[in-house]
Amino acid sequence: QKVMVLSAAQSPAAGVTTDCNYRTTLRWDLTPNQIKNMTESLIQTIRKVYNNIGSLDVEQVSIDNTLKALANAKLKYAAQRHVLDFPQYVSTSKEVRMASTKADKKLSDFDVETSMREDVFQRVIALQPTPVSRTFHTVEMSEQCGNFFSFKEVKNVSKLISDLSINFNQNMNEENTYLTFTEKELSGLADSYLNGLEKTADGQYKVTLAYPHYYPLMKRCHVAETRRKTETAFHSRCKEENTVILERLIELRSKMAQLLGFSNHANYVLEMNMAKNTNNVACFLDQFYEKLKPVGVKERNYILALKKRDCAIQGRAFDGQINAWDLPYYMNQVEQVKFAVDKDKLIEYFPVKVVTEGLLSIYQDLLGLTFKHVNNAHVWHDNVSLYSVLDTTTGEEIGQFYLDLHPREGKYGHAACFGLQPGCLGPDGKRMMPVAALVANFTSPTKGWPSLLQHHEVETFFHEFGHVMHELCSRTTFSEFSGTMVETDFVEVPSQMLENWVWEKEPLKRMSCHYKDGSPIPDNLLNKLIASRVANTGLLNLRQVVLSKVDQSLHTQSQADTAAVFAKHCQDILGIPATPGTNMTASFSHLVGGYDGQYYSYLWSEVYSLDIFFNCFKKEGIMNPKVGKEYRRVILEAGGSVDGRDMLKTFLAREPCQDAFFQCKGLAKAET
């Protein structure tokens, strides 16, 4: 994609048909055969445009017959692609999911094909140094690369990488392991949790490895053996097949980087990011690690003392170490012991319906928007809702979003925002309306029990909806800069910044009430929750350092034993061994989902998100609509059409700094 800036692969979104006003009709009822035929038709249509451009006499190329023709083709591609490749994540039909996965492979192969069209490439560079849009500014770098690599070889490697990445994700989506436990083996878990579990014929509880089952068990179950079995299964998901895939991907990515003249894959993907290279990433992570290290030591010692006490009470032998299955449980214990946060009580105040209404209300007030539920909308499942988004001042409809919040068999297993159509200008100057979907896996309601959210799930909801707003508020000219198509180490800034609202009293009150009687969350419980934000700061952030360094290590090598690399960093940085026989990286979907060599972006982005929050919103009022609208204008509307650092400087009215980041973590200010 970096080699050929005009690649169709850079289109971030998709629809089906558009009328003259670019209001999209998205179809979610396509049959496997329709998906297949539409995929072939789309490829043929776009290939014809590339063939026409590639056959132009070099002396006759112009902005209109080359750049504009390509831009229009990419927009057409963007208006049709994701209706074909998105169903693999959400469809209730396995046949449709399989057809969508096959479509994704064909379209991804086609992306590689278009990105490697040397004939088109030569006609684009023939326009240089004609002043053109920023859309095509990286073509000079492409020209340099073109001097020393084989298009055919890069094309072949790119297709292999694309196919393997899709296979990795497909394995994860279809993963359906479950364990069975007696009620005694699930001691410590609330009735609301147990009531949401299916039972076997002999009365045991079925615990899947989906997030709503896994995380509460790991945090709350008193039985260490139950936690050990569950953690081992969770970090063995797709181990056999995905370990092979990931290790092959590492080899291929290294080969690709070398073909393009880069020392390693990480340096290749970082060149277009804010960090620029692996040295800067390493310095950032090392600086953070040194500040966190003593905090982590204190927290580990405290947890060991809690575990030793438990072992004495229960009459178990104390092994003198924190195991992987101990960590979530005792981190939860820290919150209860140090901050007296009653999680069983807290969850009762976060029914998903109330949280959703409160969240939508907060975003509307903050950003000057109005959300309207679309009745009888065409959706892919009965539990999915569609909303229309209007600018409150003008009444203009600026986008639409879907909410798909509960788990299903075969559904994407994490929480994410999927862009389905970009917000950009069409060839006639009319704006295409952006569309996005928020897909999550919050506990499903059952008979007698509503869906209740843990506070960290409320935080996840806020985070992913921040991405949705980034997609929908975008007002760019070109599709490749729409919404979240920004530098990877900037893309999390808007969503992470908005996470802060779930740690503030006013927003928390707006999106909570008791599921039985509607009573407000008590102030003492609220205050304890807010105070607990600094709980486990060291270990939580050290784990992010582990994952970031694992990613950097894997993508600065030409081959790797992924399980061994993960285990080494866990031991060296966290001081906690990975469970023997597991391989967390085999289910580390970020490594095949666009964060390869870039997982550090979560910590990097947090530096800027906290700078924005504490120095703008916290200072002026977290619900101040003036600040919110300026944030929407400067950060969200720009998409990727402006460099991240330039957006930050404009909004902050100064250079960004790390002080708020370290202060929020309870650490000293960063050295200047």
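Heavy atoms only: backbone and side chains are in, while hydrogens, waters and symmetry mates are out.
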Ring geometry between [Y] and [X] (parallel below 30°, tilted from 30 to 60°, perpendicular above 60°):
X      : Y      : value
Tyr602 : Tyr599 : tilted
Phe617 : Phe613 : parallel
Tyr349 : His514 : perpendicular

Could you check whether any side-chain N or O of [X] sits under 3.5 Å from a backbone N or O of [Y], counting only pairs where one atom can act as donor and the other as acceptor?
X      : Y      : answer
Asn273 : Ala275 : no
Glu247 : Thr562 : yes
Asp551 : Asp596 : no
Ser451 : Thr443 : yes
His406 : Phe442 : yes
Thr232 : Arg228 : yes
Trp501 : Ile622 : yes

Criterion side chain to side chain donor-acceptor pair (under 3.5 Å) against Ser553, the qualifying member of Gln557, Lys549, His555: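 It is Gln557; the other options fail the test.
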
Problem set entry | Among Asn583, Asn167, Asn171, Asn169, side chain to side chain donor-acceptor pair (under 3.5 Å) partner for Asn242 |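 Testing each of Asn583, Asn167, Asn171, Asn169 against Asn242, the sole residue satisfying side chain to side chain donor-acceptor pair (under 3.5 Å) is Asn171.
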
Margin query: Run the salt bridge (charged side-chain N to carboxylate O under 4.0 Å, His left out) test on Lys509 and Asp523 for me, step by step, so that the C-alpha distance in whole Å, both residues' side-chain angles and the decisive distance to 0.1 Å come before the verdict.
Written below: CA-CA 9 Å; Lys509 285 188 172 183; Asp523 280 342; 3.2 Å; yes

Do the side chains of Lys618 and Glu504 get close enough for a salt bridge, i.e. N-O under 4.0 angstrom?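 Salt bridge flag = yes for Glu504 with Lys618.
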
Testing Lys343, Arg220, Arg533, Lys219 one by one against Glu335 for a salt bridge (charged side-chain N to carboxylate O under 4.0 Å, His left out), which residue passes?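 For Glu335, the salt bridge (charged side-chain N to carboxylate O under 4.0 Å, His left out) test succeeds with only one of Lys343, Arg220, Arg533, Lys219, which is Lys343.
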
Note to self: Counting C-beta onward and ignoring hydrogens, is there a side-chain heavy-atom pair between Tyr363 and Met469 closer than 4.5 Å?
What the structure shows: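 Yes, their side chains come closer than 4.5 Å.
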
So Gln454 and Phe350, do their side chains get closer than 4.5 Å, heavy atoms only?
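Answer no - side chains too far apart.
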
Item to complete: Decide yes or no on salt bridge (charged side-chain N to carboxylate O under 4.0 Å, His left out) for Arg645 and Glu655, but give the supporting numbers first.
Response: CA-CA 8 Å; Arg645 181 168 285 274; Glu655 288 284 347; 3.1 Å; yes

